[in-house]
Amino acid sequence: MQKILEYSFKYSERCNMCGSDSQYHKVLGRRLNRSQGKKPKGKIGISTTIVKCPECNLIYSNPLPIPKNIEDHYGIPPESYWKEEYFQLSDSYFQLEINKLKTLMKIETGNKSLDIGAGIGKSMTALERAGFNSYGIEPSEPFYNRAIERMGIKKDKIKLASAENAEFPVNYFDFITFSAVLEHLYDPSAAIEKAMGWLKPNGILHIEVPSSRWLINRIVNFYYGITGTDFVANLSPMHRPFHLYEFGLESFYKNSEKNKFEVASFEYFVCSTHLNKSFDFILKPYMEKTKTGMQLTVWLRKK
Ligand SMILES: [Zn+2]
């Protein structure tokens, strides 16, 4: 078992994305600070309550666990990241996204892009190849260092910063991408607001987040229910990968009024089932058809 981390807990009075009153939010169940397996009832740990906003289908942890030391969550990435193949950049990397982006905007010389949570800079390089003057911010020092040392990202193009503490001029970028970031932040709506400020009017913000419709969580929660526990599989607020939120498409439609954008396009991706692969042949097409895949991607256009 991982070492027990120290937290303080913050009660949310409102849904972060749509602002609805949290006393009317539905309690889905409890979530342990570790992998729960088939019998969470028999496991030692601390748990928090997982709730769902009925207005926008945002699933979140209330109270929100805030680590005493943020380095406990994001300081040292596992050694497995630094295998040689992790540094290989294939021609297809981020290409699906770039092809989709081209249907929403015309990429012109001098257009600027920003990758928030740039990692080692793979998407930055792909965007540069697609014609962007490409920038990035990355909050983790090991990733930031390797982006420069191993991937040849220029030092003036990448900042060691998080979405919360980075600064850029207003109306500066034509395209901003947030992939696998928003679900880790305490205040995703504030991060969208900040990114919208950096975008030019009509600029595009690309966001990939875990979907609150994911079928596998529903199946596991159903199983927990019939075995008589009130635990749920959603989120991982106090263990890797430290997801604090799952989003509904409605979370973005509702948030668009506050942060002044329109939802230009959206897609659900099946990704993995996380179950025994022998069920994939039935689960994957079903998830495709019912839009209950693991990932939700939205393309937002600044008004
Ligand atoms: Zn909401």
Side-chain angles (χ1 to χ4, degrees), residues 9-31 47-66 116-117 163-164 176 178-197 199 204-218 220-222 230-238 241-269 287 290-303:
F9 291 86
K10 185 172 172 277
Y11 176 73
S12 302
E13 292 189 355
R14 304 206 158 267
C15 170
N16 180 270
M17 289 294 282
C18 79
S20 71
D21 190 337
S22 66
Q23 64 173 310
Y24 304 110
H25 294 176
K26 183 174 187 265
V27 173
L28 299 183
R30 286 182 295 147
R31 185 68 171 97
S47 63
T48 179
T49 326
I50 305 299
V51 300
K52 185 175 187 176
C53 166
E55 299 289 324
C56 79
N57 298 330
L58 184 76
I59 292 179
Y60 67 104
S61 162
N62 202 6
L64 268 174
I66 315 238
I116 299 178
E164 289 105 330
I176 298 180
F178 254 131
S179 120
V181 172
L182 230 47
E183 63 271 28
H184 297 281
L185 303 179
Y186 296 106
D187 191 346
S189 179
I192 294 173
E193 184 181 3
K194 206 160 179 189
M196 283 294 166
L199 262 188
I204 298 286
L205 177 59
H206 164 249
I207 297 178
E208 284 177 14
V209 284
S211 164
S212 62
R213 290 174 53 82
W214 193 32
L215 178 72
I216 306 306
N217 278 343
R218 293 181 186 192
V220 176
N221 291 353
F222 176 76
D230 67 347
F231 288 92
V232 288
N234 305 80
L235 307 176
S236 52
M238 294 178 284
F242 300 108
H243 286 182
L244 301 172
Y245 295 95
E246 290 167 10
F247 296 79
L249 181 57
E250 302 75 12
S251 308
F252 294 95
Y253 277 107
K254 295 262 179 184
N255 191 262
S256 71
E257 295 156 27
K258 183 176 171 240
N259 283 328
K260 308 277 181 291
F261 59 81
E262 60 174 20
V263 179
S265 187
F266 66 87
E267 296 152 288
Y268 290 94
F269 289 100
M287 286 158 79
T290 55
K291 300 189 190 306
T292 52
M294 186 162 85
Q295 181 189 304
L296 170 64
T297 299
V298 292
W299 301 81
L300 314 178
R301 192 189 303 275
K302 179 175 175 175
K303 280 189 177 164

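First listed ligand is number 1; within each ligand, the first listed atom is number 1. Because the structure is a prediction, the values reported are computed rather than measured.
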(request) Using the six-membered ring wherever Trp is involved, compare the ring planes of Phe247 and Tyr245 and label them parallel, tilted or perpendicular (cut-offs 30° and 60°). (result) tilted
(request) Could you grab the protein N, O or S atoms closer than 2.8 Å to the Zn ion (ligand 1) for me? (result) Cys15 SG, Cys18 SG, Cys53 SG, Cys56 SG
(request) Flag this pair as yes if the NZ/CZ of Arg301 is under 6.0 angstrom from the six-membered ring centre of Phe261 and inside a 45 degree cone about the axis; otherwise no. (result) no
(request) Examine the side chains of His243 and Ser61 and answer whether a donor and an acceptor come within less than 3.5 Å of each other. (result) no
(request) Scan side-chain atoms only and decide if Ser265 and Glu267 contain a donor-acceptor pair under the 3.5 Å cut-off. (result) no
(message) Hydrogens and angles aside, do Asn255 and Ser189 bring a side-chain donor and acceptor to less than 3.5 Å of each other?
(response) yes
(message) Is there a side-chain contact between Asn16 and Asp187 in this structure, where contact means two heavy atoms from C-beta onward sitting under 4.5 Å apart?
(response) yes
